[in-house]
Trainee: 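Take a look at the following structure, please.
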Amino acid sequence: MAAGPRVGILMGSDSDLGVMEDAAKALNELGVSWELTVLSAHRNPEGVRQYALTAPQRGLQVLIAAAGGAAHLPGVVAASTTLPVIGVPILTAALGGADALYSIVQMPPGVPVATVGLNAARNAAILAVQMLALGEPALRLRLEQFKGDLLRQNEAKNAKAQERVAALRGE
Ligand code: RP5
């Protein structure tokens, strides 16, 4: 039997999907299985609670929850599970996203949500994989390769910048 999803990606609305697809893509790149569900803390509070309560028995190990505006979804999920919850504040037009960021980051003591930047779905996925990799050498190796790619990309950017520097110097 194929293993079920290990990371649950949740979002308050399908209007968050364009941003949250980046989390799914990053998990694909790193070879980690995922599922994606639209569940609003305000419009379907009972569904959110059931999702959080049943997540461990369904094999989920880390939850990523995204919401914009009065962004209560990550906190409400964290209230009903001991799985780590990573919150993604979605940038909406009102208040420049500060409402979502503050709603997610400022959790009360005892109920943490690991908050990433506005629209930072990709970072949320990478952080989820780093959590999973704690007990998994093969996954850690994949992350090390991923970091190696970042390093090479940065070196390439510097090489390009140095070409520009040489031109500015008239060399
Ligand atoms: C939040 O309200 C959602 O996460 C979304 O970011 C925002 C707007 O939702 P819709 O009105 O587009 O459904 O609950």
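Quantities reported herein were computed from a predicted structural model and do not represent experimental measurements. Numbering of ligands and ligand atoms starts at 1, following listing order.
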Trainee: Pick from L17, V7, L10: which one makes a side chain to side chain contact (heavy atoms under 4.5 Å, CB included) with L36?
Mentor: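 In the set L17, V7, L10, the residue that makes a side chain to side chain contact (heavy atoms under 4.5 Å, CB included) with L36 is L17.
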Trainee: Provide, to 0.1 Å, the distance between atom 5 (C) of ligand 1 and the closest protein heavy atom, together with that atom's residue and name.
Mentor: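 Going atom by atom, the protein heavy atom closest to atom 5 (C) of ligand 1 ends up being D16 OD1, 3.3 Å.
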Trainee: Would you tell me which option among S13, G68, P89, G69 has the nearest heavy-atom contact to atom 2 (O) of ligand 1?
Mentor: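 Minimum heavy-atom distance to atom 2 (O) of ligand 1 goes to G68.
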Trainee: At a 4.0 Å threshold, what atoms of ligand 1 neighbour a non-hydrogen atom of A67?
Mentor: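 Result: 4 (O).
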Trainee: Do Q162 and N158 pair up side chain to side chain, a donor and an acceptor below 3.5 Å, judged on atom types alone?
Mentor: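 There is such a pair (donor and acceptor under 3.5 Å, judged by atom type) between the side chains of Q162 and N158.
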Trainee: Is there at least one pair of N or O atoms, one from R43 and one from ligand 1, spaced under 3.5 Å apart?
Mentor: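 Yes: some nitrogen or oxygen of R43 is under 3.5 Å from one in ligand 1.
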Trainee: Quick one: does any side-chain atom of T115 pair with a main-chain N or O of V113 as donor and acceptor, under 3.5 Å?
Mentor: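 Checking the backbone N and O of V113 against the side chain of T115, a donor-acceptor pair under 3.5 Å is found.
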Trainee: Whether the side chain of N119 engages the backbone of L91 through a donor-acceptor N/O pair (distance < 3.5 Å, no angle test) should be reported.
Mentor: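 Checked: pair present.
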Trainee: Is T92 close to ligand 1, meaning an N/O of one under 3.5 Å from an N/O of the other?
Mentor: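 Min N/O separation from ligand 1 is not below 3.5 Å for T92.
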Trainee: So, R142 and E136, do they make that salt bridge, N to O below 4.0 Å?
Mentor: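 Looking at E136 together with R142, the answer is no, because their closest N to O distance does not fall below 4.0 Å.
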Trainee: Using a strict cut-off of 4.0 Å, indicate which atoms of ligand 1 neighbour a heavy atom of S15.
Mentor: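 Contacts of ligand 1 toward S15, numbered from 1: 5 (C), 8 (C), 9 (O), 10 (P), 12 (O).
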